[in-house]
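Worksheet: the structure to be examined is printed underneath.
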Amino acid sequence: FADKFASEGEVISTDTVYKSHDISITFETNTTQFTKGYDVVYYVFDIYIRNIENFYTSSTKNTTRQYLEKVEKYALGITDENGDPLYSTTSVLSMNGDLWRFNKAPSVVRNGVLYNYKTSIKNDIGVLYYDGSFEVISPDKYDFQKIAEKSPYQIWHFGPGLLDGNGNVRGSSSSAYKYDGASYNGIIGGRNPRAALGYFEPGHYCFVVIDGRCSFSYGATIPNLARLMSDLGCMQAYNLDGGNTSQIKFNGSYARKSDEDQEQRKLDDILCIGELAK
């Protein structure tokens, strides 16, 4: 994607664009109606990266407010032969993750580090590999050893997966609309703020956040979100924690911070796009 990036040493940074030698992000705010007469505001961050390490995650053992503000710099934990950090990063774009520690996710990989795995899972997982490819794996297709053989870089455990890998919305009869064995209905499946990771091809992704629970935006159901990700042209997409967990920050400013008259929800993990400083 050479045409997407800036030249060596050049950085273009505005309210809606960030371009460097390794990263290209464009930001759009859009409004649609999933239900006639009810506006829904959503934010799309179209992302190209040169190195897989430009897409990293950060986690803390305890949930904390204002996590997006506190994680401006992060060490990937990769060291040289002297034990010195090989990479450090500066975050440009940060979005909430899956609250894996709080939710006690059974299978977790972050920045190539295996934290936990089980022989079976209840929900779809999202797997980003070191080659930049991304797939959603349902409980009936889950085999951790096969995943490990393909070198997973990140494994998220929330879901559901929204598309079929070819850009089509998964049918409501599939496990796409299951959560711990129960249908996505009530507060989980209703119209809420949403956060999702979209995948086009290796090196090309998007972060999407939908506003809701406020006067100017009605929120979205899981099928609404799936249709939106398909319409954006994603081949695959994965639902992350929503509601008031749904938060995103770009170039130092929030697009969606929290619901009206409510505090920012505590987070224990985030997804980041950032520069490799070393």
Side-chain angles (χ1 to χ4, degrees), residues 13-18 24-48 65-69 91-99 126 158-163 167 169 176-177 184-200 204-234 236-267 270-273:
S13 182
T14 71
D15 291 341
T16 58
V17 173
Y18 181 91
S24 173
I25 303 172
T26 56
F27 166 40
E28 290 186 353
T29 301
N30 299 286
T31 302
T32 189
Q33 290 188 354
F34 299 121
T35 301
K36 186 176 180 180
Y38 294 90
D39 287 343
V40 175
V41 177
Y42 64 97
Y43 313 97
V44 180
F45 296 83
D46 191 38
I47 302 161
Y48 292 87
R65 297 195 193 280
Q66 298 179 331
Y67 197 127
L68 298 185
E69 294 178 1
S91 175
V92 177
L93 175 64
S94 301
M95 180 175 69
N96 67 278
D98 57 1
L99 262 71
F158 198 87
L162 303 169
L163 307 178
V169 174
Y177 306 126
Y184 267 94
N185 53 26
I187 189 169
I188 293 173
R191 294 177 178 86
N192 291 298
R194 299 286 177 188
L197 167 63
Y199 168 73
F200 299 97
H204 185 195
Y205 315 93
C206 67
F207 289 178
V208 175
V209 168
I210 297 177
D211 231 321
R213 299 183 188 172
C214 55
S215 58
F216 60 86
S217 186
Y218 196 46
T221 64
I222 292 292
N224 292 158
L225 178 60
R227 173 52 55 193
L228 175 61
M229 301 305 284
S230 178
D231 289 346
L232 289 172
C234 298
Q236 190 55 275
Y238 189 72
N239 177 60
L240 295 164
D241 202 354
N244 209 20
T245 302
S246 177
Q247 302 165 37
I248 196 159
K249 186 184 179 188
F250 174 59
N251 262 348
S253 299
Y254 282 96
R256 181 183 193 278
K257 180 176 181 180
S258 60
D259 302 336
E260 291 181 346
D261 302 321
Q262 295 186 33
E263 288 186 312
Q264 181 185 13
R265 180 171 290 169
K266 293 181 178 181
L267 305 178
I270 59 177
L271 284 62
C272 299
I273 304 296

Does a donor on one side chain sit under 3.5 Å from an acceptor on the other, for S217 and R256? no
Among residues at least two apart in sequence or on other chains, which ones pass side-chain contact (heavy atoms from CB on, under 4.5 Å) with T14? T16, V17
I'd like to know if the side chain of Y238 reaches the main chain of F158, judged simply by a donor and an acceptor atom lying under 3.5 Å from each other, with no hydrogens or angles considered. yes
For a side chain to side chain contact (heavy atoms under 4.5 Å, CB included) check, start with the C-alpha distance between L93 and F207, then their side-chain angles and the critical distance, and finish with the verdict. CA-CA 9 Å; L93 175 64; F207 289 178; 3.4 Å; yes
Please tell me if the side chains of M229 and C206 come closer than 4.5 Å, counting only heavy atoms from C-beta onward. yes
For M95 and V209, which heavy atoms make the closest approach, and how far apart are they? SD-CG2, 3.8 Å
Side-chain contact, heavy-atom cut-off 4.5 Å: D39 with F216? no
Side-chain contact test, heavy atoms from C-beta onward, threshold under 4.5 Å: evaluate it for Y42 versus L228 and give yes or no. yes
Taking the side chain as every heavy atom from C-beta outward, state whether I222 and P160 have any pair of such atoms under 4.5 Å apart. yes
Using salt bridge (Lys or Arg N to Asp or Glu O under 4.0 Å) as the criterion, list what pairs up with D98, not counting sequence neighbours. R110
Shortest non-hydrogen separation from I273 to I25 and the atoms involved: CG2-CD1, 3.9 Å
Validation row, ring centre F200 to ring centre Y205 under 6.0 Å: no
Donor on one side chain, acceptor on other, S13 and N251, under 3.5 Å: yes
Once side chain to side chain donor-acceptor pair (under 3.5 Å) is applied, do any residues pair with T26, and if so which ones, sequence neighbours excluded? none
Criterion side chain to side chain contact (heavy atoms under 4.5 Å, CB included) on C234 and L163, from CA distance to verdict: CA-CA 8 Å; C234 298; L163 307 178; 3.9 Å; yes
Salt bridge (charged side-chain N to carboxylate O under 4.0 Å, His left out) contacts touching residues 220-231 (sequence neighbours left out): R227-D231
Check whether any side-chain heavy atom of T245 lies under 4.5 Å from a side-chain heavy atom of K266, and answer yes or no. no
For residues E28 and D46, determine if any side-chain heavy atom of one lies less than 4.5 Å from a side-chain heavy atom of the other. no
Locate the shortest heavy-atom distance separating F27 from D15; write the atom from each residue and the value. CD2-O, 3.5 Å
Begin from the C-alpha positions of F250 and V92 and carry the test side chain to side chain contact (heavy atoms under 4.5 Å, CB included) through to its verdict. CA-CA 6 Å; F250 174 59; V92 177; 4.0 Å; yes
Counting only N and O atoms by type, is there a donor-acceptor contact under 3.5 Å from the side chain of S230 to the main-chain atoms of G167? yes
Hey, does S94 have a side-chain heavy atom less than 4.5 Å from the side chain of I270? yes
Any donor-acceptor pair under 3.5 Å linking the side chain of N96 with the backbone of D241? yes
Answer whether the closest heavy-atom distance between the side chains of V40 and T31 falls below 4.5 Å. no
Quick one: side chain to side chain donor-acceptor pair (under 3.5 Å) partners of Y48, sequence neighbours excluded? H204
Step through the shown structure and confirm whether more than 12 heavy atoms of other residues, nucleotides or ligands are within 6.0 Å of CD on Q33. yes
Shortest non-hydrogen contact between R213 and G243, atoms and distance: NH2-CA, 3.6 Å
Test item: R194 side-chain N/O and N239 main-chain N/O as donor-acceptor pair under 3.5 Å: no
Between atom CG of L197 and atom CG of L240, what is the distance when rounded to the nearest 0.5 Å? 6.5 Å
Return the set of residues passing side-chain contact (heavy atoms from CB on, under 4.5 Å) with N224 (not counting sequence neighbours), or none when no residue passes. F34, A220, T221
Would you check, one step at a time, whether the test side chain to side chain contact (heavy atoms under 4.5 Å, CB included) holds for V208 with Y43? CA-CA 6 Å; V208 175; Y43 313 97; over 6 Å; no
